[in-house]
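Let me begin by presenting the structure, written as structure tokens, before commenting on it.
Nothing fancy with the numbering, it's 1 onward along the sequence. Values in this document were obtained by computation on a predicted structure and should not be read as measured data. Atoms within each ligand, like the ligands themselves, are counted from 1 in listed order.
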Amino acid sequence: MELTDPFARFEGVYARACESTQAPYDPTAMTLATADARGRPSARVVLLKSFDRRGFVFFTNYMSRKGQELTVNPYAALCMHWAAIGEQVRVAGPVERVEEGESDAYFRTRPLQSQLGAWASEQSRPLSSREALMARVALLAAKYLLGPVPRPAHWGGYRLVAEEMEFWREGAFRLHDRFQYRRAGGVWQMERLSP
Ligand SMILES: Cc1cc2nc3c(=O)[nH]c(=O)nc-3n(C[C@H](O)[C@H](O)[C@H](O)COP(=O)(O)O)c2cc1C
């Protein structure tokens with residue numbers, strides 16, 4: 001199964017990563033690389049919130065640097081490393097916004113302060129001071145005192161649709177195992193790569 005189905009393989013590796021990774025390490029943290037219109041890359045950590053055969057979902061501000069880069073160049077790569085189990089997974093492919101309902105549903109699960117933060121922070125834009133940010137949070141807290149906080153239209157999820165996945169397993173003497181999966185049409189092809 002794992003030889004032909006990278007999602008089944010990911011499920012297994014991710015389950016082991018979640019069981020074995022202890023605080024302060026977060027097994028859902030992953031590096032997301034995007035690139036601008038000129039092909040210049042940028043990378044940062046985001047949290048994996050869900051995955052299935054459609055792809056890997058994270059949430060962010062659509063107007064942030066990553067959001068702007070994904071607007072002009074909707075392709076990205078993910079890299080996850082779990083030292084506790086000696087595994088790395090790389091995923092690459094096109095990125096799409098998740099359905100509004102999915103973003104709404106996830107936004108509702110966030111703590112109130114995080115919901116207010118999504119409104120208050122113009123992510124990736126210059127900010128004059130921390131006090132300015134906290135003042136905005138305080139104003140928003142007063143505004144939404146009585147009601148639920150709606151999801152800002154500029155905040156939501158992205159799904160990276162996997163076209164390539166690579167599983168790296170730590171081996172003795174740097175003789176690691178690498179298995180690269182590539183999707184051609186609906187079919188995944190796997191080959192072993194040199195470490
Ligand atoms: C452990 C960790 C988890 C993070 N999770 C997220 C996340 O899920 N979504 C997000 O927008 N930013 C997250 N961040 C912040 C991003 O790394 C980054 O600073 C922010 O998204 C702005 O990136 P950008 O300017 O490239 O768009 C996280 C940072 C760390 C260190």
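For atom 9 (N) of ligand 1, the nearest protein heavy atom lies closer than 4.0 Å.
Residue R178 is tested with E170, E87, E166 for a salt bridge (charged side-chain N to carboxylate O under 4.0 Å, His left out); the sole match is E166.
Contacts between F59 and ligand 1 below 4.0 angstrom, taking non-hydrogen atoms only, involve the backbone exclusively.
Taking the six-membered ring for Trp and the full ring otherwise, Y181 and F167 have centroids separated by under 6.0 Å. Aromatic ring centres of Y62 and W155: separated by at least 6.0 Å.
Ion pairing of R159 with E99 is present here, as a side-chain N (NZ or NE/NH1/NH2) and a carboxylate O approach within less than 4.0 Å.
Counting heavy atoms only, V45 comes closest to atom 31 (C) of ligand 1 of the residues L70, V45, L47, V46. When the heavy-atom distances from atom 25 (O) of ligand 1 to S121, S124, G67 are ranked, the shortest goes to S124. Nearest to atom 22 (C) of ligand 1 by heavy atom, out of R65, R44, K66, is K66.
Residue-ligand proximity, T60 to ligand 1, at heavy-atom distances under 4.0 Å covers atoms 10 (C), 11 (O).
For atom 20 (C) of ligand 1, the closest heavy atom belonging to the protein is Q123 NE2, 3.4 Å.
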Applying side chain to side chain donor-acceptor pair (under 3.5 Å), run through T34 and R44 and close with a yes or a no.
-> CA-CA 9 Å; T34 55; R44 78 291 287 154; 3.1 Å; yes
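The side-chain heavy atoms of Y14 and E19, taken from C-beta on, include no pair separated by under 4.5 Å.
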